[in-house]
Amino acid sequence: MAGKLYLVATPIGNLSDLSPRAVQTFEEVDFIAAEDTRVSVKLLNHFGLKKPLVSYYEHNRAESGEKIIARLLAGESCALVSDAGMPAISDPGEDLVVRCAQNGIEVLAVPGPCAAVTALALSALPSGRFTFEGFLSTAKKNRAAHLDSLKNERRTMIFYEAPHKLNATLADLQAAFGGDRRISVCRELTKLHEQTLRMTIREAAAYFEQVPPRGEFVLVVEGAPEPSEPEVTLEDALAQVFALRDEGLSLKAAARQAAEATGFAKNVLYDAALGK
Ligand code: SAM
């Protein structure tokens with residue numbers, strides 16, 4: 001019988017955020033697949049855990065993924081960890097989950113910290129509907145196309161960003177969405193220098209021109225405003241009154257119904273219809 005793959009979330013800064021179930025899973029699995037084995041060894045050492053590690057990262061995911069699948073099919077169980085946070089969110093774990101699904105291997109999650117969701121919760125922006133956009137491409141054309149596709153996005157948007165690219169990204173966000181949109185910039189979540197700045201995109205761009213960006217960042221950006229209703233002119237409203245009267249309504253009833261639909265006062269429409 002095939003073994004199972006466990007997606008184990010690890011702390012995004014504060015080691016105390018590793019869950020007891022994550023520790024138990026590390027103890028029970030046959031091996032751990034880690035994005036950076038050096039980072040994961042430190043984590044395991046901190047909890048006094050010893051387990052065989054294999055490396056699984058962006059540039060070896062095809063080859064290493066195949067080996068991991070073969071071991072899972074042979075009955076071994078594996079815990080997948082990324083450098084930090086929830087595996088498969090903006091990291092190569094996504095690919096391994098696809099391979100497991102294709103091979104009928106069960107995948108279970110040991111959930112925990114995720115930078116995107118943590119930043120959204122802290123943002124004070126609407127969290128009922130949101131979109132996760134990950135990292136913007138460094139290739140100019142793809143980046144522009146990505147931002148362009150979001151111009152009319154009404155949901156709150158979440159972006160990951162590296163410190164050395166932050167200023168360029170804030171400038172591009174300002175160009176795409178305008179400077180007045182609200183943004184929440186989360187830095188070093190759960191770490192000593194954790195900071196959440198809630199400001200406009202323009203203010204954030206100015207702030208980080210003064211204060212050099214350091215650490216890891218999540219940007220949460222307000223969605224586009226609801227398009228305002230096209231304004232109804234008195235002429236349009238009167239046309240509605242006459243159309244309703246032509247359908248058989250009395251002038252008074254037609255004025256009342258058109259008033260409800262257009263926001264004009266019914267007396268105004270009635271008098272205007274009479275040419276007063
Ligand atoms: N899978 C991880 C997750 O969803 O939590 C994220 C992996 S992604 C390769 C790494 C990015 O997550 C960083 O570049 C940064 O944008 C964000 N991130 C991770 N830890 C963070 C932290 N402590 N504070 C702010 N952002 C963080």
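What you see below is based on every heavy atom in this structure, not just the backbone, and it leaves out hydrogens, waters and symmetry mates. Residue numbers count from 1 along this sequence. Order of appearance sets the numbers: ligands from 1, and atoms from 1 within every ligand.
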Candidate with minimal heavy-atom separation from atom 2 (C) of ligand 1, of Ala115, Ala84, Pro11, Pro163: Ala84

Shortest reach to atom 12 (O) of ligand 1 by a heavy atom, considering only Phe132, Phe217, Tyr160, Phe159: Tyr160

Would one find an N or O of [X], backbone or side chain, under 3.5 Å from an N or O of ligand 1?
{"X": "Ser90", "result": "no"}
{"X": "Cys186", "result": "no"}
{"X": "Ala116", "result": "no"}

Note the single closest protein heavy atom to [atom], along with its residue, its atom name and the distance in Å.
{"atom": "atom 13 (C) of ligand 1", "result": "Glu216 OE2, 3.3 Å"}
{"atom": "atom 24 (N) of ligand 1", "result": "Leu189 N, 2.8 Å"}
{"atom": "atom 10 (C) of ligand 1", "result": "Phe135 CZ, 4.0 Å"}
{"atom": "atom 26 (N) of ligand 1", "result": "Val218 CG2, 3.3 Å"}

Glu216 and its salt bridge (charged side-chain N to carboxylate O under 4.0 Å, His left out) partner, picked from Lys165, Arg187, Lys191: Lys191

Just jot down the ligand 1 atoms closer than 4.0 angstrom to any heavy atom of [X], in number order.
{"X": "Lys191", "result": "23 (N)"}
{"X": "Cys114", "result": "4 (O), 5 (O)"}
{"X": "Glu188", "result": "23 (N), 24 (N), 25 (C)"}
{"X": "Asp91", "result": "1 (N)"}
{"X": "Ile89", "result": "1 (N), 2 (C), 4 (O), 6 (C), 7 (C)"}

Taking every non-hydrogen atom, the tightest pair across [X] and [Y]:
{"X": "Phe135", "Y": "Ala162", "result": "CE2-N, 4.4 Å"}
{"X": "Phe264", "Y": "Ala259", "result": "O-CB, 3.1 Å"}
{"X": "Leu173", "Y": "Leu147", "result": "CD2-CD2, 3.7 Å"}
{"X": "Leu72", "Y": "Glu76", "result": "CD2-O, 3.3 Å"}
{"X": "Leu125", "Y": "Ser184", "result": "CD1-N, 4.3 Å"}

Tyr6/Phe26 aromatic ring centres below 6.0 Å: no

Pair Asp172, Thr169: side-chain N/O donor-acceptor within cut-off below 3.5 Å: no

Plane angle bin for Phe159 and His146 - parallel if under 30°, tilted between 30 and 60°, otherwise perpendicular: tilted

